[in-house]
Amino acid sequence: MALFPGRTVTVTLLSAMVLLLLTYNYNTQNCSRTDVVSLSPWLAPVVWEGTFEPLLLDSVFKLQNISVSATVFAVGKYTMFLKDFLETAEQHFFVGFSVHMYVFTDRPEDVPSVKMAPGRQLLPNGLGAPTEARAWWIGTGEQCLVSRWWSLCRNFSCCSRSSNSCQSLAELTVRAVPSSDRWQQISARRMEFIQTLVEEKLQEHDFIFCLDVDSKFHGRWGTESLGGLVAVVHPGYYRDDRSKFPYERRPESRAYIGPGEGDFYYCGGAFGGTLREVQRLAKTCRSNFEADAEEKVEAAWQEESHLNRYMWVNKPSKVLSPEYLWQDFKEKNPEIHIVRFSGVAKNYAAIRPNV
Ligand code: UD2
């Protein structure tokens, strides 16, 4: 029996706290990099492998029962990239979370069937409309099979915190978009369709990512990437001086960035955030692009130039390193410890409608 029970309890509690603090500090030290910039000057995290704890982050977002969506455009011959894009997303993109993929294409009949991860299956649900076909990918949890509507499913207990049965639920929606004979227009009009989609779905999803289809996932892309407004640093310029960035330099364009201005050079091929933030971004980029077009101005890199202007004025709250959009033809630099998502090498002349 302890001589001073109160004291013993206090000492035990204090030791436990010290131990917890030490453990936490230990983990924190494990989550830092000194060879790369991991905090922007406006205090947004720059996410690199080794700067976060995936299990901790996943557990935080699991408690919030979040819903993630993604858009991908496959117009004309770009449908050939869909299979790999979707199948690798199934393996690496927000694994264990509810994901809704929106495919925009002028060839809905070319959307391939997708090989599911072990334990998942594709269920047709008959909700298809001429311009919007849907299919469900549902985990093996029996409760989820009770309801095919994700919105209903969300309201039922099957997706509650205590249940794992809905953690692997995913949905795919195919939307028809017009063809075009100019790749610049295909690329640039994405903002218009994204804006419309986001305005329709504001209540349904928490986060959205807008991704290039001619790419594959190779490693985890998960909760560490979530934020209000999220931008990805372009793999082609992240080692360069700002003066070399291919921003739009003509003041007559609304995408203009002046000498000495700009932070990072961001990719047009991957960006995201909350639906509200992405709606603001898409609306602004679209209206600036259209206003430029009325004056016969096309920014150097179309929507990518407008996106860079937007991110310069409205700083992203999270910046993703080039691990989140590498390019297959580029050799991996030493600071790139993992390639999570990468653009495939392609023959532009063979796949674009114009060169
Ligand atoms: C870069 C950007 C891209 C965009 C473009 C300039 C990266 C990695 N990529 O890519 O996002 O900013 O420059 O506008 O940052 N698409 C079709 N059909 C077509 C042409 C394009 O569906 O015929 C779609 C498709 O989703 C493709 C995307 O537009 O992934 C971008 O076009 P791209 O891949 O030809 O442009 P690229 O690789 O030069």
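Because the structure is a prediction, the values reported are computed rather than measured.
Judged by distance alone, the side chains of Y238 and N333 do bring a donor and an acceptor atom under 3.5 Å apart. Looking at T223 and D58, their side chains do bring a donor and an acceptor atom within 3.5 Å of each other. Checking Q91 against E87 by side-chain atom types alone, no donor-acceptor pair falls below 3.5 Å. For the residue pair E199 and Q279, a side-chain donor N or O sits within less than 3.5 Å of a side-chain acceptor on the partner. Judged purely by distance below 3.5 Å, without hydrogens or angles, the side chains of H100 and T173 pair a donor atom with an acceptor atom. Y310 and E303 are not linked by any side-chain donor-acceptor pair at a separation below 3.5 angstrom, with hydrogens and angles left out of the test.
The shortest non-hydrogen separation linking I186 to P353 is CD1-CG, 4.0 Å. Of all the heavy atoms in T79 and A74, the pair that sits closest is CG2-O, 3.6 Å. Considering every non-hydrogen atom in both L275 and S69, the closest pair reads CD1-OG, 4.5 Å. When all heavy atoms of C31 and E53 are compared, the pair lying nearest together is SG-N, 3.8 Å. A pairwise comparison of heavy atoms in K83 and S113 identifies NZ-O, 3.0 Å as the closest pair. For the residue pair V232 and A270, the shortest heavy atom distance occurs at CG2-O, 3.5 Å.
With contacts defined as side-chain heavy-atom distances shorter than 4.5 Å, the pair P316/F271 does not qualify. Two residues are said to be in side-chain contact when any heavy atoms from C-beta on lie closer than 4.5 Å; E224 and Y324 meet this criterion. Side-chain contact check for C210 versus V278: some heavy-atom pair is nearer than 4.5 Å. Contact check for V319 versus M311: no side-chain heavy atoms found under the 4.5 Å cut-off. Side-chain atoms of K216 and V344, non-hydrogen and from C-beta on, do get closer than 4.5 Å to each other. No side-chain heavy atom of R286 sits under 4.5 Å from any side-chain heavy atom of H306. The shortest distance between side-chain heavy atoms of K315 and W42 falls below 4.5 Å. Considering only heavy atoms from C-beta on, V213 comes within 4.5 Å of L82 through its side chain.
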Q: Verify side chain to side chain contact (heavy atoms under 4.5 Å, CB included) between V46 and V36, making sure each step is shown before the conclusion.
A: CA-CA 9 Å; V46 185; V36 287; over 6 Å; no

Q.
Run D106 and Y78 through side chain to side chain contact (heavy atoms under 4.5 Å, CB included) and show every step you take.
A. CA-CA 10 Å; D106 57 338; Y78 276 61; over 6 Å; no

Q: For the pair Y102 and H205, evaluate ring-ring contact (aromatic ring centres under 6.0 Å, His included) and give the outcome as yes or no after the intermediate values.
A: CA-CA 12 Å; Y102 292 91; H205 308 299; 5.8 Å; yes

Q | Worked verdict on S215 versus D212 for side chain to side chain contact (heavy atoms under 4.5 Å, CB included) | A | CA-CA 6 Å; S215 321; D212 267 9; 3.8 Å; yes

**Q.** Residues R220, E49; criterion side chain to side chain contact (heavy atoms under 4.5 Å, CB included); working and verdict
**A.** CA-CA 10 Å; R220 174 196 162 99; E49 175 71 352; over 6 Å; no

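Between the side chain of K318 and the backbone N or O of V47, no donor-acceptor pair lies under 3.5 Å. Put simply, the side chain of W48 gets close to the backbone of V37: a donor and an acceptor are under 3.5 Å apart. Judged purely by atom type and a 3.5 angstrom limit, S253 has no side-chain atom pairing as donor or acceptor with the backbone of R249. In this structure a side-chain-to-backbone donor-acceptor pair under 3.5 Å is present from S317 to G228. With hydrogens and angles ignored, the 3.5 Å screen pairs no side-chain donor or acceptor of S305 with any backbone N or O of E248. Distance alone, capped at 3.5 Å, places no donor-acceptor pair between the T105 side chain and the V75 backbone.
Residues M191 and F289 do not share a hydrophobic cluster, defined by chaining ILVMFWY side chains whose heavy atoms lie under 4.5 Å apart. I338 is not connected to F209 by any chain of hydrophobic side-chain contacts under 4.5 Å among Ile, Leu, Val, Met, Phe, Trp and Tyr, and they are in different clusters. F264 is not connected to Y256 by any chain of hydrophobic side-chain contacts under 4.5 Å among Ile, Leu, Val, Met, Phe, Trp and Tyr, and they are in different clusters. Cluster membership for L39 and L229, using ILVMFWY side-chain heavy atoms within less than 4.5 angstrom, is not shared.
Taking E252 as the reference, R250, V297 meet the side-chain contact (heavy atoms from CB on, under 4.5 Å) condition, with sequence neighbours excluded. Under the rule for a side-chain hydrogen bond (donor to acceptor under 3.5 Å, both in side chains), the partners of R33 that lie at least two apart in sequence or sit in another chain are D35, H337.
For the atom pair CG of N65 and CZ of F97, the computed distance is 9.5 Å after rounding to the nearest 0.5 Å. L320 CG to Y266 OH: the interatomic distance, rounded to the nearest 0.5 Å, is 10.0 Å. One finds the CZ atom of R352 at 13.0 Å from the NZ atom of K77 (value rounded to the nearest 0.5 Å). Rounded to the nearest 0.5 angstrom, L307 CG and R190 CZ are separated by 10.0 Å. For the atom pair CD (Q64) and CG (L226), the distance works out to 9.0 Å, reported to the nearest 0.5 Å. The CG atom of D206 sits 9.5 Å away from the CZ atom of F61 when rounded to the nearest 0.5 Å.
Classification of the F217-F93 ring pair by plane angle, with boundaries at 30° and 60°, yields tilted. Between F104 and F193, the angle of the ring planes lies from 30° to 60°, which puts this pair in the tilted group.
Annotation: W326 is not in aromatic contact with F341 [ring centroid separation under 6.0 Å not met].
Residue K283 places its NZ atom among 12 or fewer non-hydrogen atoms of other residues, nucleotides or ligands, all under 6.0 Å distant.
Other members of the hydrophobic cluster containing I257, listed by chain and number, are Y237, F245, Y247, Y265, W301, W312, V313; membership follows side-chain contacts under 4.5 Å among ILVMFWY residues, whether direct or relayed.
Between R182 and E298 there is a salt bridge, since a side-chain N of the basic residue sits under 4.0 Å from a carboxylate O of the acidic one. For the pair R175 and E200, the salt-bridge criterion is met [side-chain N within less than 4.0 Å of a carboxylate O].
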